[in-house]
There are 2 protein chains.
Amino acid sequence: MTSPRPLRADAARNRRLLLAAAADEFAERGLDASVADIARRAGLGKGTLFRHFATKDDLLAAIVLDRIDELGALGEQLLDAADPGPALLEFLTVAADQQQQRDLSFLQEAGELNADVIRAREQMFRTVHKLVDRAREHGAVRADVTGADVILLMCAPNYVTSYVSDAPPDLWRRYLAIIFDGLRPDGAHPLPHPPPAAP
Amino acid sequence: MTSPRPLRADAARNRRLLLAAAADEFAERGLDASVADIARRAGLGKGTLFRHFATKDDLLAAIVLDRIDELGALGEQLLDAADPGPALLEFLTVAADQQQQRDLSFLQEAGELNADVIRAREQMFRTVHKLVDRAREHGAVRADVTGADVILLMCAPNYVTSYVSDAPPDLWRRYLAIIFDGLRPDGAHPLPHPPPAAP
DNA sequence: TAGCAAGTTGACCACCCGGTCCGCTTATTG
DNA sequence: CAATAAGCGGACCGGGTGGTCAACTTGCTA
């Protein structure tokens, strides 16, 4: 099932170099950073990159998959937290912090093709749904808000701050706080549209 | 100052066709829609496009400028509204509705070069600041929120819904409502980060 | 340490992009 | 209706892209 042969020592190191370089490059220049630049940044040839990742999308998928799994694992862990309200906030905080530099649009855009990413993402989404359900039952989140809502709003803080030039690295916390206040039951006004079924 | 000669009849029509086609194309495929596609959609040659708009950015700027001016005018109008709270909400509603299809990232990204766009945008931003100040004085918006915050959050509803495939066209209203609830004074929790100076 | 498979490399390819240019068409106007 | 300038279009250009490949290097193993 898995790889019959382990990776050669230098190849394993180069793979790590490529992933790191790609993560940096995508963070700085968005998802249309060129593979040539990524390879150069890793100090390797372009051919080497394509030996490890058959396609640019595969490279992206490898990065994204790591992030999603990480986030999913954290979510699972937080399902056992004593206080579901702060647990949800903690989850959203880590999610935003993890992507600090750049919006995680690629989370959706790259996922269209790669089956692994889609699977991991849906698993993670299910966890978010559970986190939100628990928080709602605890009265920490308004009754008319669903997991799908939170999933969609999850990326907003980073997106919003990506527009201020030379933004302080923690500015997203401000907007996460505002949005989270909007999710609380205190002083909530009725919502004008039903939630989406999708995520 | 302005054009010494009026546009020829067919040229004026073609200009309109190009603007409409470009707006559609950008809405559907994002800002890296190709000029060739835009021209084809308008039923015209690529050369014609470049005769009307020296550069792809100029074309984008022309579209964006219209939208910004429209929004700015509405804002000015709403400054005289009797109730500043609903006036701000109305402004944000129209802003989001106007861009319904696609996030208005280009509002920022395209603005980097074109001086006209920058000027119009800053004027519009000043109006938003006034709207927010009035709403805050009226107790319709929490004390620790600034115009800059609202400007940044303005695009979030569209951005957020752009990720749900086949989203109902009014879904953004739901997220505008949630975010606006986060801006209200009722049940507001202190914000963990100072507002940005920029916009 | 010898041999070989695994890994590396950068020149190279086809393709697509924004933008140019010049021969052609056509609205305008006297 | 001519004459003319404004407008049109698509072949073309240079540059940058993702991806390939055959010659070369190197880590592993017997």
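Quick note: numbers below take in every heavy atom, side chains included, and nothing from hydrogens, waters or symmetry partners. Residue numbers start from 1 in every chain, and the chains themselves are labelled A, B, ... in the order their sequence lines are given, proteins ahead of strands.
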Original post:
Under 4.0 angstrom, heavy atoms only, what part of the nucleic acid is A:Ser34 near: base, sugar-phosphate, or nothing?
Top reply: sugar-phosphate
Original post:
How is A:Ala33 classified with respect to the nucleic acid when contacts are heavy atoms under 4.0 Å: base, sugar-phosphate, or nothing?
Top reply: sugar-phosphate
With a 4.5 Å heavy-atom cut-off, do [X] and [Y] have their side chains touching?
X        : Y        : answer
A:Ile178 : B:Leu183 : yes
A:Tyr175 : B:His193 : no
B:Thr93  : B:Trp172 : yes
B:Leu153 : B:Phe180 : no

In whole Å, what is the span from the [atom1] atom of [X] to the [atom2] atom of [N]?
X       : N      : atom1 : atom2 : answer
B:Phe50 : D:dG7  : CZ    : P     : 18 Å
B:His52 : D:dG7  : NE2   : C1'   : 7 Å
A:Leu31 : D:dT17 : CG    : P     : 14 Å
A:Leu59 : D:dT17 : CG    : C1'   : 15 Å
A:Arg51 : D:dA23 : CZ    : P     : 16 Å

Do [X] and [Y] sit within salt-bridge range, that is, some charged N less than 4.0 Å from a carboxylate O?
X        : Y        : value
B:Asp37  : B:Arg40  : yes
A:Asp133 : A:Lys130 : no
A:Arg184 : A:Asp181 : yes

Original post:
Applying the side chain to side chain contact (heavy atoms under 4.5 Å, CB included) test to B:Met124, which of B:Asp69, B:Leu74, B:Leu71 qualifies?
Top reply: B:Leu71
Subject >> A:Leu17, A:Leu44, A:Leu18, A:Asp58 screened by side chain to side chain contact (heavy atoms under 4.5 Å, CB included) with A:His52, the one that passes >> reply: A:Leu18
Original post:
If each of B:Asp37 and A:Asn14 is mapped to the nucleotide of DNA chain C with the nearest heavy atom, which maps nearer the 5' terminus, i.e. the 5' end?
Top reply: A:Asn14
Original post:
CG/A:Leu191 to CG/A:Asp144 distance, rounded to the nearest 0.5 angstrom?
Top reply: 4.0 Å
Subject >> Per-nucleotide protein contact string for nucleotides 24-30 of chain D, where B marks a base within reach and S marks sugar-phosphate only (heavy atoms under 4.0 Å, - for neither) >> reply: --BSS--
Original post:
Looking at DNA chain C, which of residues 38-47 of chain A put a heavy atom within less than 4.0 Å of it?
Top reply: A:Leu44, A:Gly45, A:Lys46, A:Gly47
**OP:** Check every nucleotide of DNA chain C for an atom under 4.0 Å from a heavy-atom of chain A, then give the first and the last such nucleotide from 5' to 3'.
**Re:** C:dA6 to C:dC12
Subject >> Side-chain (B:Arg142) to main-chain (B:His189) donor-acceptor, under 3.5 angstrom >> reply: yes
**OP:** Please figure out whether A:Ala36 or B:Ala12 has its closest DNA chain D nucleotide nearer the 5' end.
**Re:** B:Ala12
